[in-house]
Amino acid sequence: MHRALYLTLLNPLLTAEEAKAAGLVAEVHPDNELMAAVDRVVDVLLTGSRSAQVVAKRLLRMTATPAPAEAMRREALTIRAAVSTPDAKEGIEAFLDKRGPAFPSATD
């Protein structure tokens, strides 16, 4: 909390490595490698389950609420809805068949 307040209130200029160490960015790349790194991340996102990605983002945002009981209730409702999607069915079938998934919502 102290670090968050420090960064929020003082707004210090950070280097890329300092931003990574603070957890503000996941990766740091030299300029000449940046686009290749972006392409790799985009490829992973595009071949994954879009519906699962939407649910994961929603859950992370919801659990940031100050009321844990409410966050857990919303999480349970969201997971219950998510497991009935075509992507969930494909993920389970792919796992059981020991093959890579072909998520219906993924874009190539």
Side-chain angles (χ1 to χ4, degrees):
M1 180 63 119
H2 293 291
R3 181 78 171 150
L5 283 171
Y6 173 82
L7 293 171
T8 302
L9 298 177
L10 299 181
N11 194 24
L13 184 60
L14 302 175
T15 66
E17 290 300 329
E18 289 170 330
K20 184 177 179 188
L24 301 175
V25 298
E27 299 177 15
V28 174
H29 301 279
D31 290 347
N32 64 335
E33 297 174 15
L34 181 60
M35 290 313 297
V38 169
D39 288 342
R40 285 191 299 275
V41 170
V42 169
D43 287 344
V44 169
L45 291 173
L46 289 177
T47 58
S49 167
R50 178 164 164 32
S51 60
Q53 293 166 0
V54 169
V55 168
K57 290 192 303 186
R58 183 178 301 130
L59 288 173
L60 288 171
R61 288 185 183 121
M62 287 187 320
T63 56
T65 62
E70 175 61 16
M72 290 182 74
R73 184 188 72 76
R74 286 191 225 162
E75 183 175 333
L77 292 172
T78 303
I79 290 171
R80 185 171 63 189
V83 298
S84 65
T85 65
D87 279 353
K89 289 180 181 183
E90 169 57 16
I92 292 166
E93 288 176 11
F95 176 79
L96 293 174
D97 294 345
K98 297 182 171 134
R99 63 173 170 80
F103 295 112
S105 70
T107 57
D108 292 338

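Here the structure is a predicted model, which means the values were calculated and not measured. Note that these values count all heavy atoms, side chains included, but never hydrogens, waters or copies made by symmetry.
- For Arg80, there are no salt bridge (Lys or Arg N to Asp or Glu O under 4.0 Å) partners, not counting sequence neighbours.
- Cluster partners of Leu60: none. The rule joins Ile, Leu, Val, Met, Phe, Trp and Tyr whenever side-chain heavy atoms lie under 4.5 Å apart, and it links nothing here.
- Residues meeting the side chain to side chain donor-acceptor pair (under 3.5 Å) test with Ser51, sequence neighbours left out: Ser49, Asp87.
- Shown here are the side chain to side chain contact (heavy atoms under 4.5 Å, CB included) partners of Val42, two or more places apart in sequence or in another chain: Val38, Leu46.
- Pairing each heavy atom of Gly100 with each of Glu90, the nearest pair is O-OE2, 4.4 Å.
- Smallest separation of non-hydrogen atoms from Val44 and Gln53: O-NE2, 4.4 Å.
- Residues satisfying the side chain to side chain donor-acceptor pair (under 3.5 Å) test with Arg73, not counting sequence neighbours, are Glu70.
- Counting Ile, Leu, Val, Met, Phe, Trp and Tyr side chains that sit under 4.5 Å apart, directly or through other members, Leu13 stands alone, with no cluster partners.
- The side chain to side chain contact (heavy atoms under 4.5 Å, CB included) search around Tyr6 returns Arg3, Leu10, Pro12, not counting sequence neighbours.
- When hydrophobic residues (I, L, V, M, F, W, Y) are linked wherever their side-chain heavy atoms come within less than 4.5 Å, Phe103 remains an isolated member.
- Of all heavy-atom pairs spanning Ala88 and Ala82, the tightest one is CB-O, 3.4 Å.
- For the side chain to side chain donor-acceptor pair (under 3.5 Å) test, no residue two or more places apart in sequence or in another chain qualifies with Glu93.
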Problem set entry | Verdict with reasoning, Leu7 to Leu14, per side-chain contact (heavy atoms from CB on, under 4.5 Å) | CA-CA 10 Å; Leu7 293 171; Leu14 302 175; 3.9 Å; yes

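- Among pairs with a residue in residues 30-46, none fulfils side-chain hydrogen bond (donor to acceptor under 3.5 Å, both in side chains), at least two apart in sequence or across chains.
- The two atoms that bring Val28 and Lys20 nearest to each other are CG2-CB, 3.8 Å, heavy atoms only.
- Shown here are the side chain to side chain contact (heavy atoms under 4.5 Å, CB included) partners of Thr15, two or more places apart in sequence or in another chain: Glu17, Glu18.
- Under the rule for a side chain to side chain contact (heavy atoms under 4.5 Å, CB included), the partners of Val83 that lie at least two apart in sequence or sit in another chain are Ile79.
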